[in-house]
Undergrad: 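I'd like to ask some things about the structure below.
Keep in mind that this is a model prediction, so the values were computed, not measured. Just so you know, ligand 1 is whichever comes first in the structure, and atom 1 is the first atom listed for that ligand.
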Amino acid sequence: MRIVTASEMYEVDRFTMEEVGLEGKMLMENAGRAIAEGIMKEISKQDEILVLTGPGNNGGDGFVIARTLYLKGYRVRVYSLVPEEKIKGDALYHLNILQNVGVPFHRLQNGELAVRLEGMDVIIDAMLGIGTKGALRSPYAEIVDKANKCEQAMRFAVDIPTGLSSDEGVETEVAFKAHKTFTVQCPKESAFIEANAQYYGELEVVDIGLFTESLVNRPGKKVWLKEDVVRTFPVRERFSHKGSHGRGLIIGGAPNMPGAVMMAARAALRAGAGLVSIAASHHLISTIAPYVPEATYTDLNLKTLDIDSFHAAAVGMGLGRSEQSASLFEDILRLANIPIIIDADGLYHLKKMKNMLKEHTAPVVLTPHFKEAADLLDTTVSALKQNPFSLTRAFSTEYGVYFLLKGPYTIITTTDGDQYVVTTGNESLAKGGSGDVLSGILLGLLLQSHHITEALCNGRFIHGKTAEILTRHTHSRYDLLASDVIEGLPMTLRTICK
Ligand SMILES: NC(=O)C1=CN([C@@H]2O[C@H](COP(=O)(O)OP(=O)(O)OC[C@H]3O[C@@H](n4cnc5c(N)ncnc54)[C@H](OP(=O)(O)O)[C@@H]3O)[C@@H](O)[C@H]2O)[C@H](O)CC1
Ligand SMILES: [K+]
């Protein structure tokens, strides 16, 4: 499912109308109908419903929603925040129909709305959509603020909550706080920015028949969905053997951090890796081995370890931050000609030697959380949270790496600048060890997949999905351990990737 900026959405709109020939009025009818259908599932006929409308096509969608609800017997009225003379084109066409049908229609008068808002059970925000520029002007800011204070009301937003930008990088002062947003055709970039989650509420995408083909040749942003996992998950052939599913190497395991490599190895095997080897400090091997008896072990000594005899490696989990581990990491990066995942302490060391990435020819996957990523990109966490798409894309294309920016909305960027968002999971994953398990799963899938992007998206998807399944059935969002996710992988794999 494509994610768009406002300008991309306008391009899709133009293409559908001018080149395909679907009229704007009809698209507005489709949008309003689809959103009204969605809203009707959440409300009752006793509810007092208010639709707030603005000057543009977002308001036009609101007119169609109001008419649809009215004709189905709902108690609905429309408040326009602008005089009728300001309403033009397709929105005016639908305003006329609204008035011909007899839906109660009011133009905002000073003070009136304050009274009206108070008794409302449902408030529908069709004030501003993707045409919003800058901070809200009066009276939008005041009305939005009042609507947000109506604690008893269910609040729905049309396309985007009024006050938000469609694109990343824009700070929000005041915006409509929706319980649920029905977005037209494609989710907008801003829906995946952490600070906006409180405004969007739940997000539902409604199909209105737009043609997204006009965007095909641009670097894309997409949401990676269950259907993508089902379509691309590696198939295990009947006559395959352990070597067919890849030999993976996990390098790490400083003496005080045995858990990280253990979990990563176990997760890689649970995700389907054929063979996993752990290269760790020899003091550690006897401690770890009983916990992952399926793995093989080797002393972490680059004179004897042949990295390229493996199909892929993960490095950094529990590697340590000493001078000695920095030089070890540098040697690994110089020597490895296989795909390599760099996490945790590996990312810490990489900061000082990131130019090596430009010379490195084999694929490199970086898996930082926001703090690690901000350090690597020489920016702040807050700047990265505002602009995660553009900043990570710039880094990926400049350094030629795959970048998996870990978070509730994980953004995976390819070396070509294509981006995928994976939204599975919940707050139970915010715990030590989660990253190690994810790295292990990613390694397991990298070993089995033809495409790195698919391995990363699928790996991150099943990691989050497993947490969702476990916290629905056997665990709470407090107690779930990173290692529970490893042991929960079978449930996900049995249901999603049969
Ligand atoms: N293909 C589609 O995506 C379809 C989308 N639909 C819906 O249409 C909107 C986009 O409609 P558009 O008319 O382009 O834009 P808006 O409805 O967002 O309104 C823009 C006007 O709002 C005023 N404005 C802009 N910024 C501010 C601000 N900060 N404060 C106050 N007012 C603002 C401005 O008007 P002025 O006259 O005041 O200058 C803008 O002109 C999309 O989101 C969908 O909901 C179609 O219905 C179907 C196809
Ligand atoms: K809106």
Side-chain angles (χ1 to χ4, degrees), residues 2 4-20 22-36 39 51-65 68 80-95 108 123-144 147-148 155-167 170-178 180-191 196 199-201 203 205-212 214-215:
R2 191 110 194 172
V4 293
T5 58
S7 77
E8 286 170 335
M9 197 68 213
Y10 280 122
E11 170 54 19
V12 168
D13 214 7
R14 186 206 62 76
F15 181 82
T16 306
M17 290 192 285
E18 291 176 16
E19 312 211 7
V20 179
L22 261 172
E23 286 190 24
K25 298 180 181 72
M26 192 177 281
L27 294 173
M28 195 172 278
E29 180 72 16
N30 291 353
R33 291 281 192 123
I35 295 171
I39 291 174
V51 185
L52 298 165
T53 59
N57 289 337
N58 196 256
D61 293 351
F63 299 144
V64 179
I65 293 167
T68 308
S80 169
L81 275 71
V82 293
E84 282 161 83
E85 314 81 82
K86 280 206 79 176
I87 299 168
K88 309 239 153 47
D90 298 333
L92 178 61
Y93 169 88
H94 284 291
L95 172 61
L108 176 69
I123 300 173
I124 299 172
D125 157 27
M127 291 176 274
L128 302 177
I130 61 172
T132 306
K133 297 261 179 313
L136 286 182
R137 298 192 298 266
S138 187
Y140 295 88
E142 295 82 345
I143 303 290
V144 162
N148 288 345
R155 292 186 295 272
F156 298 101
V158 175
D159 206 16
I160 60 172
T162 290
L164 290 191
S165 157
S166 306
D167 303 352
V170 182
E171 222 166 300
T172 305
E173 286 173 23
V174 184
F176 187 82
K177 279 194 178 150
K180 183 163 183 174
T181 298
F182 293 90
T183 205
V184 175
Q185 200 72 39
C186 302
K188 316 299 179 284
E189 207 173 60
S190 69
N196 295 340
Y199 300 108
Y200 269 97
L203 183 69
V205 180
V206 295
D207 187 337
I208 69 160
L210 287 168
F211 286 71
T212 49
S214 58
L215 301 178

Undergrad: Would you please determine whether G134 falls within less than 4.0 Å of ligand 1 on a heavy-atom basis?
TA: yes
Undergrad: Could you give the distance from CD1 (I143) to OG1 (T162), rounded to the nearest 0.5 Å?
TA: 11.0 Å
Undergrad: Which bit of A135 is near ligand 1, meaning a heavy atom under 4.0 Å away: side chain, backbone, both or neither?
TA: backbone
Undergrad: Is ligand 1 under 4.0 Å from a heavy atom in the side chain of D61, in the backbone, in both, or in neither?
TA: side chain
Undergrad: Would a search of protein heavy atoms around atom 5 (C) of ligand 1 find one under 4.0 Å away?
TA: no
Undergrad: If I take the K ion (ligand 2) as the centre, what angle separates the O atom of I160 from the O atom of V158? Nearest 10 degrees is fine.
TA: 70°
Undergrad: Identify the protein heavy atom lying closest to atom 1 (N) of ligand 1, giving its residue, its atom name and the separation to 0.1 Å.
TA: D13 OD1, 2.7 Å
Undergrad: Could you find the nearest protein heavy atom to atom 19 (O) of ligand 1 and give me its residue, atom name and distance?
TA: G56 CA, 3.8 Å
Undergrad: Counting only heavy atoms, which portion of D159 has something under 4.0 Å from ligand 1: side chain, backbone, both, or neither?
TA: side chain
Undergrad: Look at atom 39 (O) of ligand 1 and say whether a protein heavy atom is found at less than 4.0 angstrom from it.
TA: yes
Undergrad: Within the supplied structure, the quantity of interest is the number of heavy atoms (other residues, nucleotides, ligands) at a distance under 6.0 Å from R33 CZ; does it exceed 12?
TA: no
Undergrad: Give me the residue, atom name and distance of the protein heavy atom closest to atom 28 (C) of ligand 1.
TA: K133 O, 3.7 Å
Undergrad: Contact between F176 and I123 at the side-chain level, heavy atoms closer than 4.5 Å - yes or no?
TA: yes
Undergrad: Which residue owns the protein heavy atom closest to atom 18 (O) of ligand 1, what's the atom, and how far is it?
TA: G129 N, 2.6 Å
Undergrad: What angle, to the nearest 10°, do the atoms O (L128) and OD1 (N58) form about the K ion (ligand 2)?
TA: 70°
Undergrad: Taking the minimum heavy-atom distance to atom 37 (O) of ligand 1, which of K25, K86, E29, M28 ranks first?
TA: K86
Undergrad: Nearest to atom 3 (O) of ligand 1 by heavy atom, M9, K88, R137: which?
TA: M9
Undergrad: Measuring only between side-chain heavy atoms, which start at C-beta, is V12 closer than 4.5 Å to Q185?
TA: no
